[in-house]
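Reviewing the structure listed below.
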Protein chains: 2
Amino acid sequence: MMTQAIRKTRNPEQTRNDLLSAAYTEILESGFQAASLERILANTSVSKGALYHHFGTKRELGLAVVEEVIAPQLAARWFAPFAEHDDPLASLQRILEEKINTADESVIRYGCPLNNLIQEMSPLDEAFRHGLQQILDRWVEVMATALTEGQLARKVRADLEPKEAALFIVAAIEGCVGLGKNAQSVEAYQRCLRQLQLYVQSLAA
Amino acid sequence: MMTQAIRKTRNPEQTRNDLLSAAYTEILESGFQAASLERILANTSVSKGALYHHFGTKRELGLAVVEEVIAPQLAARWFAPFAEHDDPLASLQRILEEKINTADESVIRYGCPLNNLIQEMSPLDEAFRHGLQQILDRWVEVMATALTEGQLARKVRADLEPKEAALFIVAAIEGCVGLGKNAQSVEAYQRCLRQLQLYVQSLAA
DNA sequence: TACAAGATACCGACCAATCGGTATCTTGTC
DNA sequence: GACAAGATACCGATTGGTCGGTATCTTGTA
């Protein structure tokens with residue numbers, strides 16, 4: 001009956017990516033439950049019909065954001081750098097140093113997307129919890145493996161239990177981001193990470 | 001026109017407390033934004049009129065929960081134990097040991113109410129952020145003071161910077177709770193806190 | 001001491017707005 | 001022509017909040 005707002009050329013892949021990207025932002029800013037599909041659509045000029053063509057429910061969209069946006073992002077920023085050298089503590093120090101120096105405004109304002117969703121969704125939705133846990137597991141595993149190799153190279157204290165220490169380091173990182181976020185203070189974030197650096201230093205052989 | 005459902009004796013103080021208590025539970029389970037006033041009322045058999053007599057808005061109710069429920073609860077569980085002895089590290093070890101041994105089901109399931117609200121609300125509402133920050137500030141201050149006194153008593157390493165270390169310890173605690181919550185695993189929570197204990201141990205003079 | 005007047009506490013029907021989701025249609029592409 | 005992709009009108013449910021009224025408690029005054 002009426003002329004439709006037109007997307008002259010179709011590009012389903014791009015449409016899907018646009019939705020994922022806008023949903024990621026909306027979820028980061030508002031949380032998942034308070035994330036509004038209407039706002040996501042308004043920010044993408046994608047229609048509701050298109051959204052529900054690509055994703056069956058809001059929940060599916062959220063899970064896709066976890067697996068296809070958040071997971072790769074964290075992997076690139078935190079996991080990948082470990083693969084480079086045989087000295088995991090040096091790698092970790094370098095990563096932390098970089099986080100301290102380039103303390104992102106977005107990190108201070110909105111915190112870590114992974115941690116945000118953990119606190120909000122893990123008690124409410126098992127699928128979310130599982131998706132998030134997979135990311136955590138990989139993170140801990142990458143770090144533990146690196147620590148073990150560091151022990152073989154005599155660069156990490158032999159009495160250290162890699163898996164336990166890795167778990168703690170991940171916890172500490174998320175804690176630092178959380179405190180910096182509530183203080184809305186780059187400095188608090190940096191000070192907190194500096195203490196983590198001192199801890200990491202103490203793990204050297 | 002119709003006879004009202006009766007509260008035989010008036011008790012405004014109790015009504016207010018009932019509301020705070022039910023709101024605390026609802027917020028812990030669902031987060032603030034997703035917390036439903038209807039559900040809170042259903043759990044208290046308090047009327048909507050009564051609610052809006054005591055609290056101007058949902059937001060005010062939430063802020064009251066932060067200041068009047070969460071703050072005292074954390075103070076009792078984490079701050080108070082420090083006042084007892086002159087050896088802050090021993091106090092902290094004892095507190096952590098107790099947390100490990102009595103790992104509450106509620107903590108594993110719903111996490112730390114302070115941390116939950118930080119992640120959800122601090123970017124969205126300045127008043128929330130401020131209320132939560134006051135709790136964090138007090139927590140860090142109590143711990144830093146204890147560490148300083150521990151240094152005077154030669155029980156804590158002299159080169160330690162109390163405020164920095166206290167900030168980090170609080171971050172680590174919240175991180176441990178967060179990881180345990182997503183893993184839905186008492187063990188993960190305990191393992192994480194054990195590593196924190198090792199760190200605390202390393203601060204001894 | 002009695003009692004009127006006013007303040008406080010509480011009730012529950014109702015409201016507009018927003019929510020996620022559906023149904024039906026058109027349009028682009030192979 | 002078949003079917004995927006996209007558009008839009010619409011739905012019931014739920015949301016936080018309002019409002020006119022009522023019940024009870026406190027207080028000033030004679």
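Just so it is clear: chains get the letters A, B, ... in the order the sequence lines come, proteins before strands, and each one is counted from 1. Any value given below was found using the heavy atoms of this structure, including those in side chains, with hydrogens, waters and symmetry copies removed.
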Using a strict heavy-atom distance below 4.0 Å, which residues from residues 49-58 of chain B are in contact with DNA chain C? G49(B), A50(B), H53(B), H54(B)
For S47(A) and dG6(D), is the shortest distance between a side-chain N/O and OP1 or OP2 below 4.0 Å? no
Separation of atom NZ in K48(A) from atom P in dC10(D), rounded to whole Å: 14 Å
What I want to find out is whether E29(A) reaches R109(A) closely enough, with some N-O distance under 4.0 Å, to be called a salt bridge. no
Check whether more than 12 heavy atoms from other residues, nucleotides or ligands sit under 6.0 Å from atom CD of Q73(A), and answer yes or no. yes
When the distance from CZ of R16(B) to P of dA9(C) is rounded to whole Å, what number comes out? 11 Å
Does a salt bridge link E97(A) with R194(A), judged by any charged N lying under 4.0 Å from a carboxylate O? yes
Whole angstroms only, please: what is the CG-P distance between N17(A) and dA5(D)? 14 Å
Hey, what's the ring geometry for F168(A) with Y199(A), parallel, tilted or perpendicular (30° and 60° as the breaks)? perpendicular
Interface with DNA chain C, restricted to residues 19-33 of chain B and to heavy atoms under 4.0 Å: none
Between dG16(D) atom P and E60(B) atom CD, what is the distance in whole Å? 15 Å
Side-chain donor-acceptor contacts of residues 138-145 of chain B below 3.5 Å, not counting sequence neighbours, with atom names and distances?
unit_1  : atom_1 : unit_2  : atom_2 : d
R138(B) : NE     : Q134(B) : O      : 3.4
T145(B) : OG1    : E141(B) : O      : 2.8

Please tabulate, for the side chains in residues 63-72 of chain A, all donor-acceptor contacts under 3.5 angstrom to protein atoms that are two or more places apart in sequence or on a different chain.
unit_1 : atom_1 : unit_2 : atom_2 : d
E68(A) : OE1    : R16(A) : NH2    : 2.5
E68(A) : OE2    : R16(A) : NH2    : 2.6

Which is it for K155(A) and E149(A) under the salt bridge (charged side-chain N to carboxylate O under 4.0 Å, His left out) test, yes or no, and what are the steps along the way? CA-CA 9 Å; K155(A) 307 217 169 186; E149(A) 289 175 3; over 6 Å; no
So ring pair (Phe, Tyr, Trp, His ring centres under 6.0 Å) across residues 49-76 of chain B, not counting sequence neighbours, yields none
If I take atom CD in residue E38(B) and atom P in nucleotide dG17(D), what distance separates them, rounded to the nearest angstrom? 12 Å
Return the value, rounded to whole Å, for the distance between atom CG of L41(B) and atom P of dG17(D). 12 Å
Under-4.0 Å side-chain N/O to phosphate OP1/OP2 contact, T15(A) with dG6(D): yes
Would one find a side-chain N or O of S36(A) under 4.0 angstrom from OP1 or OP2 of dC19(C)? yes
Integer-rounded Å distance: dG20(C) C1' and R39(A) CZ: 13 Å
Could you tell me which residues satisfy side chain to side chain donor-acceptor pair (under 3.5 Å) with D137(A), sequence neighbours excluded, listed by chain and number? Q133(A)
I40(A) CD1 - dC19(C) P separation (whole Å): 10 Å
Look at all strands and tell whether A35(B) reaches a base, only sugar-phosphate, or nothing, counting heavy atoms closer than 4.0 Å. sugar-phosphate
